[in-house]
Amino acid sequence: MPTCPNGHQSVADDWCEVCGHRMSGTPAATGPVPPPPPPAPPTYGGPAAEATMQAELCPQCRTPREAQAPFCEECAYNFMLQSPSPYVAPPQPQGFESAPPPPPHPQPPHTFEYHGSRPSRINRPAEPLAPQPPVPGPDDGDWILPPPSAPAAPPAGWLAVIAPDRDYFRSMMNRSGPEAAGLNLPAYSPEQQCRLTGPQITIGRRRHSTGESPDIDLSRPPEDPGVSHQHAVLVEQPDGSWAVVDQDSTNGTTINGSEDPIQPYVPVPLQDGDRVHVGAWTTITVRRG
């Protein structure tokens, strides 16, 4: 998949579908090509409903345009040239595509249980311990093998726990306008867990046009409408800890209940128990071990 000079992966090989930058090595078009529009400043604190109502709609599939993106997120319509893109297949109708299989979980290491050579004696009282005889040599008979030592404990890792957060949802509603009245916290949403394994874990929503799915996919029911397709990334640090990086998302990323979002593309180190808030109600808690 081509990569633009800004580091984004794009299906189209002429203009980046994330930032609108010309792809490296692409010949210029015969006619004058308008420069990509400057990125719109991210809106923080507002609900997804407000961003969706004010966004431009795709004339082909009526999907809201995200943050002045040059391409439609669903059908890859080219807003700059006002024409459908020939490089991306049209979206499949709902109901005929199957959800991608969940990422495989690492298998726990096998442990071997030691069994003595003598059969068990049933219905007999315990015998007193007797002094152990000396270990015979190779000329005296069989060797007596000591029991194996206990297996070493696996190294401690990091875990991400994903769940709706009622307190964060209320804080978002208090900072939002009347347009957020239609948002409701899901009545039931099972807690998800994701083992953090390097070098990075992506957070966002699945793209139906390309089938690209992040490691933490928040498009599964109940879908959080305030999460961008490429919202944030958890990045492993050299010392084994983790940091979060906002990917210039529409509604921003906050930490530990703060109302001020973190700066885009700036890694913020995380400690054991820190809470990362994305979308309208989703909180991702990172834990060591």
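Just so it is clear, the model here is predicted, and its values are computed rather than measured.
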Look only at the side chain of D246 and the backbone of S249, and say whether a donor-acceptor pair between them is shorter than 3.5 Å.
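Pair found, side chain donor or acceptor close to backbone of S249.
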Does a side-chain heavy-atom distance below 4.5 Å link L234 with V245?
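When only atoms from C-beta onward are counted, V245 and L234 do not touch, as no gap falls below 4.5 Å.
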Determine whether a donor-acceptor pair (N or O, by modelled atom type, separation under 3.5 Å) exists between the side chain of Q237 and the backbone of V235.
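Pair found, side chain donor or acceptor close to backbone of V235.
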L196 and W242, any side-chain heavy atoms less than 4.5 Å apart:
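Contact flag for W242/L196 side chains = yes.
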Do the non-hydrogen side-chain atoms of I203 and V233 ever get within less than 4.5 Å of each other?
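Contact flag for I203/V233 side chains = no.
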D272 side-chain N/O to R288 backbone N/O, donor-acceptor pair under 3.5 Å
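Yes, because the side chain of D272 sits within donor-acceptor range (under 3.5 Å) of the backbone of R288.
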Less than 4.5 Å apart, any side-chain heavy atom of P64 and any of L57?
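In short, these two side chains touch, coming nearer than 4.5 Å.
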Quick one: list whatever passes side chain to side chain contact (heavy atoms under 4.5 Å, CB included) with P222, sequence neighbours left out.
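With neighbours one apart ignored, the set is P186, S189.
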Residue among H229, Q230, H231 satisfying side-chain contact (heavy atoms from CB on, under 4.5 Å) with V227
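Going through the options one by one, the only one that passes is H231.
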What I want to check is whether the side chains of S241 and D239 have a donor and an acceptor closer together than 3.5 Å.
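A donor-acceptor contact under 3.5 Å links the two side chains.
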Donor-acceptor pair, distance only, cut-off 3.5 Å: does the side chain of D215 make one with the backbone of T202?
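Looks like yes, one N/O pair under 3.5 Å.
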Would you say that more than 12 heavy atoms from the other residues, nucleotides or ligands in this model lie under 6.0 Å from the CD of E223, or not?
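Yes, enclosed.
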Distance-only, no hydrogens or angles: does the D165 side chain make a donor-acceptor pair with backbone N or O of W281 under 3.5 Å?
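Side chain of D165 to backbone of W281: no pair is present.
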Going by heavy atoms in the side chains, are V161 and I284 under 4.5 Å from each other?
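Of all side-chain heavy-atom pairs linking I284 with V161, none is under 4.5 Å.
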Given the rule in the side-chain contact (heavy atoms from CB on, under 4.5 Å) test, do L270 and I255 qualify, once you have shown the distances and angles that lead to the verdict?
CA-CA 9 Å; L270 298 174; I255 299 177; 4.2 Å; yes
Is there a side-chain contact between E259 and T254 in this structure, where contact means two heavy atoms from C-beta onward sitting under 4.5 Å apart?
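E259 vs T254: side chains apart.
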Is a donor on one side and an acceptor on the other found under 3.5 Å between the side chain of D217 and the backbone of P214?
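Judged by distance alone, no pair lies under 3.5 Å.
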Quick check: do I162 and I216 have side-chain heavy atoms less than 4.5 Å from each other?
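In contact.
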Sidechain-backbone polar pair: T253 side chain, V278 backbone, donor-acceptor under 3.5 Å
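No.
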Is T282 close to H277 at the side-chain level, that is, under 4.5 Å between some pair of heavy atoms?
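Answer no - side chains too far apart.
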Nearest 0.5 Å, what's the CZ-CG distance between F169 and N184?
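Result: 6.0 Å between the selected atoms.
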Who pairs with F79 by ring-ring contact (aromatic ring centres under 6.0 Å, His included), at least two apart in sequence or on another chain?
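Here the qualifying residues are Y77.
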Test item: W158 side-chain N/O and G240 main-chain N/O as donor-acceptor pair under 3.5 Å:
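Looks like yes, one N/O pair under 3.5 Å.
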